[in-house]
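The structure appears right after this line, and notes come after that.
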2 protein chains.
Amino acid sequence: MAGVSQSAVSRAFSPTASISARTRQKVLAAAASLGYRPNRIPAIMLSGRSYMVGVVIGGLQNPFYATALEQLATALRENGLQVMLMHVEDAVTLDSALDQLVSYRIDAVVTSLAIGSDTVVRALSQLGIPVVCFNSSRVGPWISTVNSNNHGAGLTAARLLAHNGIRYPVWLTGPVRNAASRARGEGFRQGLHDAGSPPAALSVLQGDDTYDSGYDAIARLKKRGVRPDGIFASNDMMACGAIDALRECMGLHCPRDVIILGYDNIPQAAWRSYDLTSFSQHTEHMVARTMELLDEALATQDTPLSRTYVVDAQLIERGSTGCAP
Amino acid sequence: MAGVSQSAVSRAFSPTASISARTRQKVLAAAASLGYRPNRIPAIMLSGRSYMVGVVIGGLQNPFYATALEQLATALRENGLQVMLMHVEDAVTLDSALDQLVSYRIDAVVTSLAIGSDTVVRALSQLGIPVVCFNSSRVGPWISTVNSNNHGAGLTAARLLAHNGIRYPVWLTGPVRNAASRARGEGFRQGLHDAGSPPAALSVLQGDDTYDSGYDAIARLKKRGVRPDGIFASNDMMACGAIDALRECMGLHCPRDVIILGYDNIPQAAWRSYDLTSFSQHTEHMVARTMELLDEALATQDTPLSRTYVVDAQLIERGSTGCAP
DNA sequence: TGTTGTTTTGCATAGCTATGCAATCTTTCA
DNA sequence: TGAAAGATTGCATAGCTATGCAAAACAACA
């Protein structure tokens, strides 16, 4: 229709191609009237690059991950990469999920999950697909990680409790398979130890990163007859559950009777009913680091990249630790 | 390596293909040892179907959309469809986003946004790409919608307020461009009218679907000197903001002084500090309807499908309207 | 064994674009 | 005007798999 060759059409849509302005104009005009849009699929076959990144996540109901996904998706798009989303709840389906991603020839994988089986890791290495992990500790030849400074935050939390003269601290932990949660707990113990708090004083409560599990954990604590005065929760949702349970089950008010710290600084932490002190994972930084890793890994396509970034979390002090709003 | 033709390899990975068990075994064994995985990209070129669905969303920080996305992604994967995620904040970028999706030859689009410009709609129609809208009212030849019964819920909310003898009702609305919010408001007005409440009694507050906007709206109300006794918020996050503002700015307690209803039934509505009565959009149903629409639209590829499903929302009564927990 | 029917296999092609290379056109300058 | 340099264009090909068709292998039966 534009009276030009197919090559010219291709070049008209490629900004860097050698083509005269007039020809490009003709092509674009014809394309517009025909509703033609270039098809990227053949280019994937030729170049071997799809410009699609597999994003594998779970637990979107945690606002922290929702926000992180939002920012990541935006950043990827700004860098000309598409997001192929994979929602995975259990490690079992992760394997098949990655298989599907691979069959679409994704360029890389970003995940907030602890990568499942070793089979997967080996498969990805064999295929030379770069992986970036968010807050998960898996290491390997093609795997890079971006973590917030979980251990450091644990230390800070412990110091804050010590500074407030806490005698009955509580560590409200997430699932054991959650590496980030484990690291926070280790930092917290370490910090308590450094402050001279006897290990026996620490109550450890197991949760599963949900509000309900935080609530229930405190209810269990009451049955044990423990009256806590300082709590560090591995995540804000559990912290909120704990705040409500303290008030409703134990009649304890925050921060008068007990001070609480959470992690993630989700929007709800700033809601007035909770007013929760929390560690803000600087997601912008973490996403930026992730993009750096992706760019580098995709540029040097055949050399495995394996780097670790640790981004400090920032303590946001609010009412739950006695800070005035 | 397996000593067979390329056709045989292709057939080995296709469950329905005509191939002997022995040959398939040989191929799969060789594939496993070579790390070979079938490449779906050429199949896209041949069949014209990519089995990828563009999912275009905004406002993931609203847990309702996060949950919906989660369920949608799961449902799509169970039906053998991939999710190409597109996060979009403003209608401006929507156009370019859709362009990108189209260039990857997605089979269909699911969106929770009011589709932007007419250009986009026309372009999608021309290309024959089916679109399913979540809670957005756009109509057109290739566009289907799955809505919750917003108007009906508005009626129900009004009836509940009337039943409680409310005299100073408030409608806390979302952005005007949000069709779902508008429909809820219309139902609410209608219901108040039906109950004999004078229109002048209704205060309308404009929010933007965030907690802060709900909080601020109530603060503005105080300045106006209005003392509300019943509030219907277009979304739970605004409702939570309102609850906190009522207590902090006006000294009003819920449900003693004022009763409140929200919409979406986000997890936080069940958190004890809010205990918010809300309308639950039956996301499972809505997602199931969406899948039905997609299946049908993809089966009859060249005939435009344009259907509307309305799914009733369920009133979940909690403490904010005086229900015992 | 010969015949027929069934299953399996390989051949060859299509699908659409990007790009190296050669050919053509345009510009510049002597 | 002619030549050389530069810009633009078209040709032809590659990329990997699914599938129709024909050939081949196999099974069943008389």
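A note on names: the letters A, B, ... follow the listed sequences, proteins ahead of strands, and every chain is numbered from 1. Note that the coordinates shown come from a computational prediction; the quantities given were computed from them, not determined experimentally.
- Atom CZ of residue A:Arg22 and atom CD1 of residue A:Ile19 lie 11.0 Å apart, to the nearest 0.5 angstrom.
- Residue pairs meeting the ring pair (Phe, Tyr, Trp, His ring centres under 6.0 Å) criterion with at least one member in residues 18-71 of chain A, sequence neighbours excluded, are A:Phe13-A:Tyr36.
- Not counting sequence neighbours, B:Asn39 has no partner by the side chain to side chain donor-acceptor pair (under 3.5 Å) test.
- A residue-by-residue look at B:Val4 and B:Pro42 shows that B:Val4 has its nearest nucleotide of DNA chain C further toward the 5' end.
- Taking all atoms of both residues into account, the shortest heavy-atom contact from A:Thr283 to A:Gln71 is OG1-OE1, 3.2 Å.
- The structure places CG of A:Asp209 at 9.5 Å from CD of A:Gln61, a figure rounded to the nearest 0.5 Å.
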For DNA chain C, the expected dot-bracket line (Watson-Crick or G-U under 3.5 Å, [ ] crossing, | inter-strand) is ||||||||||||||||||||||||||||||
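- From A:Leu305, atom CG reaches atom CG of A:Asp295 across 11.0 Å, with rounding to the nearest 0.5 Å.
- Nearer to the 5' terminus of DNA chain C, by closest-nucleotide assignment, is the contact made by B:Ser5 (compared with the other of A:Ser7 and B:Ser5).
- Between the B:Tyr104 side chain and the A:Ser50 main chain, a donor and an acceptor come within less than 3.5 Å of each other.
- Sorted by residue number, the list of members of residues 12-25 of chain B with any non-hydrogen atom under 4.0 Å from DNA chain D is empty.
- Read 5' to 3', the first and last nucleotides of DNA chain D with an atom closer than 4.0 Å to a heavy atom of chain A are D:dT8 to D:dC16.
- Among the heavy atoms of the strands lying under 4.0 Å from B:Arg11 is at least one base atom, whether or not backbone atoms are also near.
- With respect to A:Gln100, the side-chain hydrogen bond (donor to acceptor under 3.5 Å, both in side chains) criterion is satisfied by exactly one of B:Arg37, B:Arg40, B:Gln82: B:Gln82.
- In this structure B:Ser148 satisfies the side chain to side chain donor-acceptor pair (under 3.5 Å) test together with B:Asn150, B:Tyr263, B:Gln281, sequence neighbours excluded.
- When each of B:Leu293, B:Val131, B:Thr290 is tested with B:Ser144 by the rule side-chain contact (heavy atoms from CB on, under 4.5 Å), just one qualifies, namely B:Leu293.
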